[in-house]
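Whatever order the structure lists them in is the order used to number ligands and atoms, beginning at 1. For this chain, numbers begin at 1 and follow the sequence in order.
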Amino acid sequence: MVEQTLSIIKPDAIERNLESKIKTFFEQKNFKIAKSKKVQITKEEAAEFYIIHQTKPFYEDLCNYLSSGPIVVMVLEGEGAVSKNRQIMGATDPLKAEPGTLRKMYGISIDKNSVHGSDSLENAKKEINFFFSK
Ligand code: CMP
């Protein structure tokens, strides 16, 4: 089934000028980048975006981090896009990510792990709506 998922290129990757390398990687994996924009969100917006993590000990740092600099948000489209994107991103912790995955190639730490991707079709719809409803 053709799906859409939300992908974010996080501040650490934008800062290191990795936007076009990461976009090319997605295209080589047969994703269509249906929408893309560069934004900087507030801490409050980050807190809303990551609300599912609100009880986690890393929530505060996570919200500070995502709002610390420009990010690129994208709608990726393709066959089984949600799980396929999770696979090619690799594990949340770059140290545990498989070779050839984005987080292995570019991630610095579990916080600065370069990319975010929706974890389910339901969350993908919510996350796409969060950034692209206006
Ligand atoms: P992401 O896929 O964007 O979703 C939530 C983020 O929280 C995650 O990537 C990590 O960058 C960050 N994070 C920080 N600490 C942890 C942790 N211990 N477990 C999971 N995610 C963490």
Q: Is the positively charged end of Lys84 above the ring of Phe31, judged by distance under 6.0 angstrom from the centroid and angle within 45° of the axis?
A: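 Because its charged atom sits under 6.0 Å from the ring centre and within 45° of the axis, Lys84 does stack over Phe31.
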Q: Anything with a heavy atom under 4.0 Å from ligand 1 counts, so go ahead and list those protein residues by chain and number.
A: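 The answer is Lys10, Tyr50, His53, Phe58, Leu62, Thr92, Arg103, Ile110, Asp111, Asn113, His116, counting any residue whose heavy atom sits under 4.0 Å from ligand 1.
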Q: Assess the side chains of Ser114 and Asp12: does a donor N or O sit below 3.5 Å from an acceptor N or O?
A: yes
Q: For the pair Lys23 and Glu19, find out whether any cationic side-chain nitrogen is under 4.0 Å from an anionic carboxylate oxygen.
A: yes
Q: Taking side chain to side chain donor-acceptor pair (under 3.5 Å) as the criterion, tell me which of Lys125, Glu127, Lys32, Glu77 meets it with Gln4.
A: Glu77
Q: Measure the acute angle between the ring planes of His53 and Phe58, then classify it against the limits of 30° and 60° as parallel, tilted or perpendicular.
A: tilted
Q: Parallel under 30°, tilted from 30 to 60°, perpendicular over 60°: which one fits the rings of Phe49 and Phe131?
A: tilted
